[in-house]
Amino acid sequence: MTKPVRVRFAPSPTGPLHIGGVRTALFNYLFAKKHNGTFVLRIEDTDQNRYVEGAENYIVESLNWCGIPFDEGVGKNEKFGPYRQSERKHLYKQYADELIAKGHAYYAFDTAEKLDFHRKDHEAKGKTFIYNWHNRLKLNNSLSLSEDEVQTKLDADEDYVIRFKSPQDETLHLKDSIRGDIKIDTNVLDDKVLFKSDGMPTYHLANIVDDHLMEISHVIRGEEWLPSLALHFQLYAAFGWEAPQFAHLPLILKPTGKGKLSKRDGDKLGFPVFPLEWRDPKTDDLSRGYKEDGYFAEAMVNFLAFLGWNPGTEQEIFSLDELINAFELERVNKAGARFDPDKIKWFNHHYMQDQDNHDLALAFQKSKSELSQIDTQYIEMVIALVKERATFVSDFWDLSHFFFVAPSVYDEKASKKAIKEGTTTILNTVKELVDSVDDFTVENLQNSIKGWITSNDIGFGKVMMPLRLALVGALQGPDVFDIIYMIGKAETLKRIDSLIATT
RNA sequence: AUUCCGUUGGUCAAAUGGUUAAGACGGUUGACUUUCUAUCAGCAGAUGGGAGUUCGAUUCUCCUACGGAAUUCCA
């Protein structure tokens, strides 16, 4: 008796998909998979003016990179195709006509300029202009004009739009899975345009027709659509169709300041808002992407899943499968969530630890010309040592350059802290000790040097700090003995000599 | 201006009509008898305000404040 779950993600190709869109897609995907349903991608390109070259392809690639590919859509399992609304253009007019025939819609001949004038005029008087029962008889449409006049205009090929006839004095009861019941007084609704004079439907009509034709069972979309819900409900009723269930996701807000996260915030605030980088075909501006910035798709997905949803347990790290399993629409929050760039870094650091060292080594090697001649296996061992401190592959060089190149300068502060009276003598002894270790292992090195320190009661700091400075050039990095072992005896002795030479 | 939605520490957030209101990020302190951006441990920090219902409200209702969204022949 329950219908199969079919959800859709329906972006318009007006630019790159931003992080809020990715989250909407993700929640749709999770919901679909959880219920063995189908995740549909539909391209809502009814506004030809805003069409951007490459945006559609970008959307598809982004979903793929995130690991949440669509099951059905453009170029894939086209059972209900086509999936671009521009290619479905011929479908919509008949539905608009049907509404006119049923008395739910009407022709309107008012020009955009005229309406604009009315809006401004009302605004100047502190009122809001609403095209509805209140004033539609004073305007230029098939309700105010005689049948002959209307026919004459239509015959003369005059521009017209088709508007929904919003009822007077009714109370609508809307249902939203996340927000519960919402009551709306129809008197505040306006007669929305359903069909534009350019022959294309508006979002509202196309959306309802397509969701119906594609047998969408649940509409999961952003909260910015909530004000349109009343219209959409009425449209389903006017057609006599069963409406899908609606769920409006909370907005994603800017990390600081006011308002929802917008496409321009990213470069302004220093973090990406797009999954992949995007070059604007018109301006040639490049916007950063999570992928190129070194984020792992799993980390981004995990983070995004927690923006507006949580499992109610203390678990925070979720694989995609675990998310599918745990996801429930009922646990989605109502309030908008602020985007936190720090938290996604934390997720990335976590996922970094799970990455394969060999893969990381290859990525690291590719990113740094200094490493091109170095044995990948050596790089892999280095990564094993520094990974726990890394959030991105791009962190590796700062964390590990001394495994590949001897320090050329010594950090000033560190030198002050590490080099004291007697340091030269100590370093000379360390050299002898290192030199005398025949079986060159971390353990033997440790036993030798630590043993010497303890038995002579010298103090670890006095030895370890200058030694570290000699090897690294600063007071940082992994265990000193690991470093010695990795760079080898000869290089170690050389570096100690270099430091002694400066004192 | 109007309509709708929302409001738990700086941020993400849990929980309940009834003891000290979880946890995470960030912050901070300490430990790791060598560093640290890592790790571990500790600490600080919250139910916007006002009424009402109730024995009791952060939880339910109303008002208010604040925030957000929408009011396009954009989606």
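These values consider heavy atoms only, across backbone and side chains, with no hydrogens, waters or symmetry-generated copies.
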- prompt: Mind checking the C1' distance from B:rU61 to B:rA24? Whole angstroms is fine.
  reply: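 One C1' to the other, the span is 34 Å.
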message: Work out how far the C1' atom of B:rC63 is from that of B:rU29, and round it to whole angstrom.
response: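 After rounding to an integer number of Å, I get 45 Å for this pair.
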field: A:Glu87: salt bridge (charged side-chain N to carboxylate O under 4.0 Å, His left out) partners, not counting sequence neighbours
entry: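 Only A:Arg84 meet the salt bridge (charged side-chain N to carboxylate O under 4.0 Å, His left out) criterion with A:Glu87.
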message: I need the full list of salt bridge (Lys or Arg N to Asp or Glu O under 4.0 Å) pairs touching residues 334-344 of chain A, with sequence neighbours left out, sorted by first then second residue.
response: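 The answer is A:Glu316-A:Lys343.
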query: What residue pairs, at least two apart or across chains, pass salt bridge (Lys or Arg N to Asp or Glu O under 4.0 Å) with a residue in residues 222-236 of chain A?
result: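 Non-adjacent pairs meeting salt bridge (Lys or Arg N to Asp or Glu O under 4.0 Å): A:Arg179-A:Glu223.
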For [X], report the nucleic acid contact type (base, sugar-phosphate, nothing); a contact means any heavy atom under 4.0 Å.
| X | value |
| --- | --- |
| A:Val480 | base |
| A:Ile182 | sugar-phosphate |
| A:Asp411 | nothing |

Between the protein and nucleotides 64-69 of chain B, list the N/O to N/O atom pairs that are separated by less than 3.5 angstrom.
residue : atom : partner  : partner atom : Å
B:rG67  : OP1  : A:Lys258 : NZ           : 3.3
B:rG68  : OP1  : A:Gly259 : N            : 3.3
B:rA69  : OP1  : A:Lys260 : N            : 3.2

message: Tell me if the side-chain of A:Ser197 makes a donor-acceptor pair with the base of B:rC73, cut-off 3.5 Å, by modelled atom types.
response: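 Counting by modelled atom types and ignoring angles, a donor-acceptor contact under 3.5 Å is found here.
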task: Please evaluate the base of B:rA1 for a donor-acceptor partner in the side chain of A:Thr128 within a cut-off of under 3.5 Å?
output: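 When only heavy-atom distances are counted, A:Thr128 does reach the base of B:rA1 through a donor-acceptor pair under 3.5 Å.
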query: Do the numbers put A:Lys192 on top of the ring of A:Phe164, so that NZ or CZ is under 6.0 Å from the six-membered ring centre and no more than 45° off the axis?
result: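 Relative to the ring axis of A:Phe164, which defines the angle, A:Lys192 lies outside at least one limit.
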field: Ring-face cation of A:Arg163 near A:Tyr131 (centre distance under 6.0 Å, axis angle within 45°)
entry: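 So A:Arg163 does make the cation-pi contact.
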query: For residues 411-425 of chain A, which residue pairs qualify under side chain to side chain donor-acceptor pair (under 3.5 Å), counting only residues two or more places apart or in two chains?
result: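 Applying side chain to side chain donor-acceptor pair (under 3.5 Å) to every pair that reaches into residues 411-425 of chain A, excluding sequence neighbours, yields A:Thr424-A:Thr503.
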query: Could you give all pairs that pass the side chain to side chain donor-acceptor pair (under 3.5 Å) test and reach residues 13-27 of chain A, with sequence neighbours left out?
result: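 Qualifying pairs: none.
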Taking ring pair (Phe, Tyr, Trp, His ring centres under 6.0 Å) as the test, write out the residues that go with [X], two or more places apart.
| X | result |
| --- | --- |
| A:Phe271 | A:Phe339 |
| A:Phe9 | none |
| A:Trp278 | A:Tyr58 |
| A:His212 | A:Trp241 |

- prompt: How does RNA chain B look in dot-bracket notation if pairs are Watson-Crick or G-U with both distances under 3.5 Å, crossing ones as [ ], other-strand ones as |?
  reply: (((((((..(((.....[....))).(((((.......)))))....(((((..]....))))))))))))....
- prompt: What's the closest nucleotide to the A:Val193 side chain, out of B:rA75, B:rU34, B:rC73?
  reply: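 Within the option list, the nearest is B:rC73.
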Do any N or O atoms of the protein come closer than 3.5 Å to N or O atoms of nucleotides 38-48 of chain B, and which pairs are they?
residue : atom : partner  : partner atom : Å
B:rA38  : O2'  : A:Glu388 : O            : 3.0

